[in-house]
Structure formats: structure tokens, C-alpha cells
Amino acid sequence: MRWMLMVLVLMTAGCAQDLSELGSIKPSDEHNLTKPKLEYFGVAGFLLRWRDEAVVLDPFFSRPSLLQLFWLSPDTQQINERMPSVPEATMLLVGHAHYDHLLDVAWVMNHKTPNATFYGSRTAGHIVRAEVPATRKFEDAEAKMAWLPGPTGPRPIARDDGWFTSSKGAIRAMPIQSSHAPNVTRVDLMGGSYNQDLKALPKAFWNWKEGQTLAWLVDLLNEDGTTAYRIHFQDSSSDAPYGFPPDLGDDRRIDVAILPVASWVNVKKYPQALIALTQPRLVVLCHWEDFFGGNLEDTKVLRGEKDEPAMYRIVRTTLPKDAEIVMPMPFSEIALPAIAK
Ligand SMILES: [Zn+2]
């Protein structure tokens, strides 16, 4: 009955909030930028094209309503209309296996990114296998993840061979042990894991079991193998120091930190501790908008979420002066900063 609680809480949290809830914060809404850029699909979904490859993060388009949470299936019409075909995508990364991150992945793999290898937790792999044939490659990110020695850190430690490199060598990605924020009910309703391949995608939302939650470091590489950009991505807010990038000993500053807003008040020292450590040049705030049904032409602020402007202010006051914050509208684009000298 605990899942009932979550739906009840969400329903009593009322309607999604108008954008005016954001006060003076104005979501960015850029289009047709020249590269390099992030293309935002909403929630925690992004596409990043680099050289002749691309990486896709947490693609999710279906946005089922609260009632549809009991009988989920990918909205293939939405995916087909909203996601471009990206044959150059060689990596598809996911942070955890909840439906708002994984529901659409099998369809995307089969119809939009025919050449992408899937990287995620074992649980995410077992779920996606229900619809993705064995000929498509799955990489177990848990086997390579930078690991946290204890809940107080100080920060995750990279393995000797912690990077996955894309097939053409333009992108590499390192999984990092992270954790998942409790949702509005403060109870872990969708935890757990799977240890064998599923025969069909789960229907009820609580069967989209979280698995190991991961953050990712994504390096966009120059032709000589040096790092042009380093991006830190997490798809759930997390207690510090879970998800923190390991010290790679290369003194490379994080260029872009992608941080979800959802449930940010339910975790410790988020996001200020991560920002203080990484000093990113650009922060992209995602997972801020309501994703329970609704009209994509009329974006609303996530229901049940407390005080998004407060998180924005914390980011602003923790960030270095030369850094920017962007809170993008779904299906808009975000320019990466100029390559650091
Ligand atoms: Zn989640």
C-alpha cells in the first residue's frame, strides 16, 4: 500500500505550479544553436553530439499522467515525434532504473539510436533486455563504477579501468556510485533490484526498481585524446558525497554540472557540497518541470516540489563568479561554455 501513499501525496500536492512560481528565474529557451551544445528532452534527458559521435542521457518522453502510473507503457508516438533519429549516438547512459528515466530506453535503442551501446546498472540492463535483443550491447556500469569507501566519503575512488570509451574514441564516460533522494513521501517506495532479464517491461511504476543509482563523468575528447570538456551528470539528487566525481589527479575542472532539482530538499548538503568541490563553469538544472501528463506546450513546475527558487539561489551563491546557471525549457538547447584554455 505504500505506493498508494505516493500517488495520494502527489494528488493532494495539487496541480502543477505555474512558471510564475519561479519568481525572477526565467527558464532558458534557446534553439538552433551551433555546436557544441546540450539538447534537453525534459526531465533528465539530454543529447550531446560531439565530433562524429553522440551520447544520449536518460531519454524520457512519455510523461504518463498520475493514473497511468499503474499501467505504464512507452508513448511511442511522443518518442517518435520528439526525438530525432541519432544513428551517430554510440553511447546511451542512464543513472537509475525508475520509469521516468528508463521507460523509453528500449524503444529509443530499437528505433532512434541503432548504434548505441547501453550503459547502466545491472537492474537497468535486466529491465531493458525485455525488449532489446541480445545482439545489442549492454555494459554493466556497476563493474566499473568509482566507489565510495563509506557514507561519509570523503569522495568516491576511481577504479584503475574506470572509463568506458565510445566506439570511435570521441567520448568516454565513468560511472560513479551515487544514491537516490527519497521522494515526497520520504519513504523509499521504488527501491530494489532485479537479477535476471525480464520478459516484459514492468507495468506498475513501483516495479521500475531503482537498482544502483549512478552519476556519470562524461569527457568529450579531442582527436589527440585530451579532454575538451568534462561534464558531470546525475539524474537524482543525492546525499553528499554520493555521486561526487573522484579525484583523477589531472587537475581538470568540471566544465558542466547537470543537476536535478526534484527532491533536492530531501537530501543532505545538496547541491552546495558538490558545487563547492567541482567549481563547474556551467550548471544546468534539470528535472525541475512537472512530468505527470500535461501539455508540453504549457510547461509547469514540478508538483510536490518545495521551493525551486531556493535551490537556484543556493547554486548561485555557491558557484564561482565566472560561472553560469541555466534552467532550460524542455526541448530547448544549452550552449556549452567556450573550451577552457
Ligand atoms: Zn528516481
Side-chain angles (χ1 to χ4, degrees), residues 2-3 5-7 9-10 13 40-46 56-66 68-70 72 74 92-106 108 118-128 141-142 145 175-194 198 201-216 232-240 242-243 258-268 270-271 274 285-293 302-306 308 311 330:
R2 292 191 309 174
W3 43 266
L5 179 66
M6 177 169 152
V7 172
V9 167
L10 282 167
Y40 182 44
F41 297 142
V43 191
F46 291 89
V56 176
L57 309 169
D58 282 46
F60 174 66
F61 304 86
S62 292
R63 296 171 178 256
S65 67
L66 287 172
Q68 290 172 318
L69 295 184
F70 297 91
L72 290 165
L92 192 156
L93 315 178
V94 164
H96 70 285
H98 285 160
Y99 82 90
D100 52 326
H101 305 265
L102 200 65
L103 175 64
D104 295 348
V105 165
V108 166
F118 175 54
Y119 304 80
S121 68
R122 289 168 195 145
T123 291
H126 288 314
I127 294 174
V128 165
E142 287 177 63
M145 74 179 175
I176 304 165
Q177 182 181 357
S178 192
S179 69
H180 194 284
N183 58 44
V184 286
T185 60
R186 295 266 185 177
V187 182
D188 189 2
L189 295 164
M190 295 162 66
S193 54
Y194 288 109
L198 302 195
L201 294 181
K203 288 292 178 195
F205 76 89
W206 59 89
N207 286 329
W208 289 84
K209 296 180 181 181
E210 174 189 328
Q212 172 64 53
T213 294
L214 304 160
W216 288 92
H232 182 263
F233 169 73
Q234 58 183 82
D235 68 354
S236 169
S237 44
S238 56
D239 286 324
Y242 284 93
I258 301 176
L259 298 173
V261 174
S263 298
W264 76 277
V265 289
N266 297 338
V267 289
K268 290 195 235 45
Y270 177 87
L274 178 80
L285 296 179
C286 67
H287 216 332
W288 63 270
E289 81 282 14
D290 192 66
F291 58 94
F292 299 104
L302 188 55
R303 71 189 78 197
E305 198 48 63
K306 289 187 211 106
E308 296 199 3
M311 173 165 167

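When a ligand or atom number is given, it counts from 1 through the structure's own listing order.
- The shortest non-hydrogen separation linking Ala215 to Ser178 is N-CB, 3.6 Å.
- Considering only heavy atoms from C-beta on, Phe292 comes within 4.5 Å of Leu302 through its side chain.
- Inter-residue side-chain proximity for Ile176 and Trp216 is flagged as unmet; no heavy-atom pair is nearer than 4.5 Å.
- Considering just the N/O/S atoms of His96, the one nearest the Zn ion (ligand 1) carries the name NE2.
- For the pair NE2 of His180 and ND1 of His98, the angle whose vertex sits at the Zn ion (ligand 1) is 100° to 10 degrees.
- Within the 6.0 Å centre-distance limit, the rings of His101 and His287 are counted as a close aromatic pair.
- Taking 2.8 Å as the threshold, His101 does not count as a candidate ligand of the Zn ion (ligand 1), since none of its N, O or S atoms lies below it.
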